[in-house]
Number of protein chains: 2
Amino acid sequence: MESVREKLQIFARRFGLLNAACCDECCGEQVSLAQSHILFEIRRSGAPSMQQVAEELGMDVTTFSRQAKGLDAKGLIVRKVSPDDRRVTLLGLTDAGADVLARIDSYMTGRIDQIFASMTDFERETVVRSLGLLNEAVAKAGQVAVQREGVIACCK
Amino acid sequence: MESVREKLQIFARRFGLLNAACCDECCGEQVSLAQSHILFEIRRSGAPSMQQVAEELGMDVTTFSRQAKGLDAKGLIVRKVSPDDRRVTLLGLTDAGADVLARIDSYMTGRIDQIFASMTDFERETVVRSLGLLNEAVAKAGQVAVQREGVIACCK
DNA sequence: ACATTTTATTGCATTATGCAAGTAAGTACG
DNA sequence: CGTACTTACTTGCATAATGCAATAAAATGT
């Protein structure tokens, strides 16, 4: 019988592939998969610093720095020095960046709708609620780990 | 409010990070994250050909070929010519490969248990069932996509 | 004022990646 | 048969990604 670990592994893998495919299909010319993650996270977290995003994505800051430079050069994000601390760079999406992300969103939600189409309303609801539970639980487990080991969730 | 797309995105990302951390902590010396995925998939699918695994993982066959060579050199997998078709290489885990994978499994299940620890029994059950539903739904959506577009699920 | 820490950037070497091309084995069809 | 075509895998090569070490610049502590 299939373990929870296997279920999660397989689901995460497939979702990753779906994500890559969508990103590639709608804006492969403009952004790589990694860069699409960065756009997503910038939108999600307001006006984050480079470190914040890099850590959230589990990416080395140096790698992140280069990716951010690339996105800046393409006019998809803006980097401005924080007024509070001139060492930190605050990130934001440009209109073009928001557009690219919106296009990826739309592909993704389309595909996700296809996936959910084979479910009953009840199943759909259950699954969505479970995802919420799962994310909360991961966050909680992360906090515990920080208290115990001084480590953030899953990142080194 | 958080969309399903966002929930999925975030969950998949965190799981990926967890996966990387576990793989790194217990056998970073022996296998890369990508290689751990390969071991996982070989075990999961019996005695697959190179192409099968590469496709399942959404990896280019040439990249896969090199990774497989590396795993073979480390004595973690065996590659033997198929008796049915001498072009195809059938993959299998060696004892050492199975051990490495078992170690990763054990780290992962430990972490997953931590995550599930903050849930009630009912929630846990619901989440597990939902993961099953989700994977089935992805598989179904994949089949539909094949019929319509001649494309496998999410891979190009 | 000076040492320490923090944030971000660059140098450099290693690795991953994928396309194009090649080899070897199987298949189809005259 | 044999010749053309397809399929499974491997290598060449060029490009992109990655991370550690070193650096610059700003903030903090004492």
Side-chain angles (χ1 to χ4, degrees), chain A residues 16-17 20-21 23-25 27-38 41-42 45 47-74 77-92 150 152 155-156, chain B residues 16-17 19-21 23-25 28-38 41-42 45 47-74 77-92 150 152 155-156:
Chain A
L17 292 176
C23 171
D24 187 57
E25 275 175 41
C27 357
E29 311 295 310
Q30 290 165 311
V31 293
S32 68
L33 177 61
Q35 290 178 330
S36 78
H37 288 311
I38 295 175
E41 190 53 28
I42 291 177
S45 53
S49 71
M50 317 238 348
Q51 286 215 332
Q52 270 168 33
V53 181
E55 183 163 33
E56 183 73 27
L57 298 181
M59 200 180 270
D60 190 281
V61 201
T62 71
T63 301
F64 184 84
S65 172
R66 280 180 255 260
Q67 295 285 13
K69 188 156 73 166
L71 286 169
D72 192 0
K74 287 178 203 161
I77 67 172
V78 281
R79 294 187 286 174
K80 68 175 238 253
V81 174
S82 164
D84 299 336
D85 183 336
R86 290 195 324 224
R87 287 170 306 178
V88 333
T89 305
L90 297 178
L91 302 172
I152 291 206
C155 334
K156 64 173 173 193
Chain B
L17 291 175
N19 206 174
C23 171
D24 188 55
E25 276 175 40
E29 311 294 310
Q30 290 167 311
V31 292
S32 69
L33 177 62
Q35 289 177 331
S36 78
H37 287 311
I38 295 175
E41 190 53 29
I42 291 177
S45 52
S49 70
M50 317 241 340
Q51 287 215 328
Q52 269 169 32
V53 180
E55 182 162 36
E56 184 72 29
L57 298 180
M59 199 180 270
D60 190 282
V61 201
T62 71
T63 300
F64 184 84
S65 172
R66 280 180 256 262
Q67 295 284 15
K69 188 157 71 169
L71 286 168
D72 191 0
K74 287 180 203 158
I77 67 171
V78 281
R79 295 187 286 173
K80 68 176 238 259
V81 174
S82 164
D84 298 338
D85 184 337
R86 289 192 326 219
R87 288 170 305 177
V88 333
T89 304
L90 298 178
L91 302 172
I152 289 208
C155 332
K156 62 172 175 189

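Hydrogens, waters and symmetry mates play no part in the numbers below; they use all other heavy atoms, side chains included. Protein chains get the first letters and strands the later ones, always in sequence-line order, with residue 1 at the start of each. Because the structure is predicted, anything quoted here is derived from the model rather than measured.
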Any side-chain heavy-atom pair from [X] and [Y] closer than 4.5 angstrom?
{"X": "Leu71(A)", "Y": "Val31(A)", "answer": "yes"}
{"X": "Met50(A)", "Y": "Val88(A)", "answer": "no"}
{"X": "Ile38(B)", "Y": "Leu57(B)", "answer": "yes"}
{"X": "Ile42(A)", "Y": "Ile77(A)", "answer": "yes"}
{"X": "Asp24(A)", "Y": "Leu33(A)", "answer": "no"}

Gap between atoms [atom1] and [atom2], on [X] and [N] respectively (whole Å):
{"X": "Leu90(B)", "N": "dT7(D)", "atom1": "CG", "atom2": "P", "value": "19 Å"}
{"X": "Asp60(B)", "N": "dT15(D)", "atom1": "CG", "atom2": "P", "value": "17 Å"}
{"X": "Asp24(A)", "N": "dC19(C)", "atom1": "CG", "atom2": "C1'", "value": "14 Å"}
{"X": "Lys80(B)", "N": "dC9(D)", "atom1": "NZ", "atom2": "P", "value": "14 Å"}
{"X": "Arg79(B)", "N": "dT10(D)", "atom1": "CZ", "atom2": "C1'", "value": "9 Å"}
{"X": "Glu55(B)", "N": "dC9(D)", "atom1": "CD", "atom2": "P", "value": "11 Å"}
{"X": "Gln67(B)", "N": "dT15(C)", "atom1": "CD", "atom2": "P", "value": "12 Å"}
{"X": "Leu57(A)", "N": "dG19(D)", "atom1": "CG", "atom2": "C1'", "value": "16 Å"}

Value rounded to 0.5 Å, distance of CD in Glu41(A) from CE in Met59(A): 10.5 Å
Look up atom OG in Ser45(A) and atom CG in Leu91(A), then write down how far apart they are to the nearest 0.5 Å. 8.5 Å
Under the side chain to side chain contact (heavy atoms under 4.5 Å, CB included) test, residues paired with Gln30(B) that sit two or more places apart: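 With neighbours one apart ignored, the set is Cys27(B), Val100(B), Arg103(B).
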With sequence neighbours excluded, tell me which residues meet side chain to side chain donor-acceptor pair (under 3.5 Å) with [X].
{"X": "Arg79(B)", "answer": "Asp72(B)"}
{"X": "Arg87(A)", "answer": "Asp85(A)"}
{"X": "Gln52(A)", "answer": "none"}

Nearest heavy atoms of Cys23(B) and Ser32(B), plus distance in Å: SG-O, 3.8 Å
Tell me the closest heavy-atom pair linking Leu90(B) and Ala47(B), and the distance in Å.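 Distance-wise, the nearest heavy atoms are CD2-O, 3.5 Å.
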Heteroatom pairs (N/O) under 3.5 angstrom, protein to nucleotides 26-30 of chain D:
from, atom 1, to, atom 2, distance (Å)
dA27(D), OP1, Arg86(A), N, 3.0

Can you give me the N/O atom pairs linking the protein to nucleotides 10-14 of chain C at distances under 3.5 Å, or say none if there are none?
from, atom 1, to, atom 2, distance (Å)
dT10(C), OP2, Lys69(A), NZ, 3.0
dG11(C), O6, Arg66(A), NH2, 2.9

What residues 29-38 of chain A contributes to the DNA chain C interface at heavy-atom separation below 4.0 Å is none
Classify Thr89(A) by what it touches in the nucleic acid, base, sugar-phosphate, or nothing, heavy-atom distance under 4.0 Å. sugar-phosphate
Using distance only, find each side-chain donor-acceptor pair of residues 62-70 of chain B under 3.5 Å and give its atom names and separation, not counting sequence neighbours.
from, atom 1, to, atom 2, distance (Å)
Thr62(B), OG1, Asp60(B), OD1, 2.7
Gln67(B), OE1, Gln35(B), NE2, 3.1

Axis-to-axis angle across the helix from dA1(C)-dT30(D) to dG30(C)-dC1(D), five pairs an end, to 10 degrees?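 So the angle between the two local helix axes works out to 20°.
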